[in-house]
Amino acid sequence: MSATHTEEAHTGPIKNPKQLLMAVFFSFVVPVFVIIGLVQYVSSADKAGAGASQTEMAKAQRLQKIGLVEIRDANRPLRSGEEVFKGQCAACHATGAAGAPKFADAAAWGPRLAQGLEGLVHSALKGKGAMAPQGGGDFNDTEIARGVVYMANAAGGKFEEPKAPAAEGAAAEGAAAPAN
């Protein structure tokens with residue numbers, strides 16, 4: 001049996017280094033490029049988000065504006081402290097919700113009044129504890145300050161209601177302007 005046995009029976013189809021390189025190339029490199037091509041093909045389609053059946057509406061939602069600009073009348077009269085209190089502050093300060101000092105409760109407002117008007121207005125505009133910042137809402141900073149003065153004075157404070165900043169600036173400009 002060993003006499004009829006030859007070496008060619010135990011060798012593979014690869015006979016030289018060139019055939020080995022070609023086998024490696026076609027076995028590993030070509031499938032990688034085929035997979036990359038398939039991934040490109042599948043991911044290149046313009047698809048709507050998951051669950052969106054209307055592609056135009058889904059695209060419009062993705063492209064919607066982030067912010068908005070609201071134009072207000074800068075010359076409107078400032079609201080009084082009472083109006084600001086009723087519109088913004090009463091929700092918590094009328095009932096004492098979330099630890100807010102109740103309106104006209106001198107004992108609760110006493111330590112806060114010691115901060116002075118500037119400290120109270122700063123707390124109202126920037127927020128404190130459970131109270132969210134009030135700046136930038138329906139009321140401007142002067143109106144918020146008027147609301148703070150209204151609540152503080154109802155609890156025994158002696159603060160003066162802030163005036164409109166534009167009126168003060170106009171009065172200062174009028175006094176400084178030379179006469180013709």
Side-chain angles (χ1 to χ4, degrees), residues 39 42-180:
V39 168
V42 169
S43 65
S44 67
D46 187 23
K47 297 181 192 123
S53 60
Q54 298 174 346
T55 58
E56 290 301 318
M57 188 168 131
K59 190 181 291 185
Q61 286 176 342
R62 287 192 310 266
L63 297 176
Q64 71 183 349
K65 295 177 184 176
I66 293 176
L68 80 120
V69 175
E70 183 177 330
I71 299 173
R72 296 183 183 181
D73 183 10
N75 296 325
R76 70 169 170 80
L78 291 177
R79 295 181 208 143
S80 70
E82 184 178 2
E83 289 176 281
V84 173
F85 171 76
K86 288 178 181 176
Q88 186 79 10
C89 310
C92 297
H93 287 283
T95 62
K102 286 185 179 182
F103 182 74
D105 183 359
W109 278 95
R112 291 168 176 85
L113 293 176
Q115 296 177 9
L117 179 60
E118 188 175 320
L120 290 170
V121 171
H122 178 76
S123 295
L125 292 175
K126 301 297 181 196
K128 183 171 184 178
M131 181 175 67
Q134 303 301 314
D138 290 338
F139 303 102
N140 67 24
D141 292 358
T142 305
E143 291 172 324
I144 294 293
R146 285 180 167 191
V148 169
V149 168
Y150 176 75
M151 288 188 291
N153 288 347
K158 303 286 184 222
F159 300 117
E160 186 177 323
E161 189 173 80
K163 304 292 181 220
E168 292 172 6
E173 286 177 15
N180 286 342

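Shown here for Ala91 and Thr95, the closest heavy-atom pair between the two residues is O-OG1, 3.6 Å. Taking each heavy atom of Arg112 and Gly99 in turn, the nearest pair found is NH2-O, 4.2 Å. In terms of heavy atoms, His93 sits closest to Pro101 at ND1-O, 2.8 Å. Residues Arg146 and Pro162 come closest through the heavy atom pair NE-O, 2.9 Å. The minimum heavy-atom distance linking Glu143 with Arg79 is given by the pair OE2-N, 2.9 Å. For Ala154 against Phe103, the heavy-atom pair with the smallest separation is CB-CZ, 3.4 Å.
Residues that satisfy the side chain to side chain donor-acceptor pair (under 3.5 Å) test with Glu82, not counting sequence neighbours, are Lys86.
Distance SG/Cys89 to CD/Glu83: 12.5 Å, rounded to 0.5 Å. In this structure, NZ in Lys158 is found 14.5 Å from CG in Leu117, a value given to the nearest 0.5 Å. Here Leu113 contributes atom CG and Gln115 contributes atom CD; the two are 9.0 Å apart, rounded to the nearest 0.5 Å.
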Test log, rule side chain to side chain contact (heavy atoms under 4.5 Å, CB included), inputs Met131 and Cys92
CA-CA 9 Å; Met131 181 175 67; Cys92 297; over 6 Å; no
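Under the side chain to side chain contact (heavy atoms under 4.5 Å, CB included) rule, Ile144 has a single partner from Val121, Val149, Leu125, which is Leu125.
Ring-centre distance between Phe85 and Phe139: not below the 6.0 Å cut-off.
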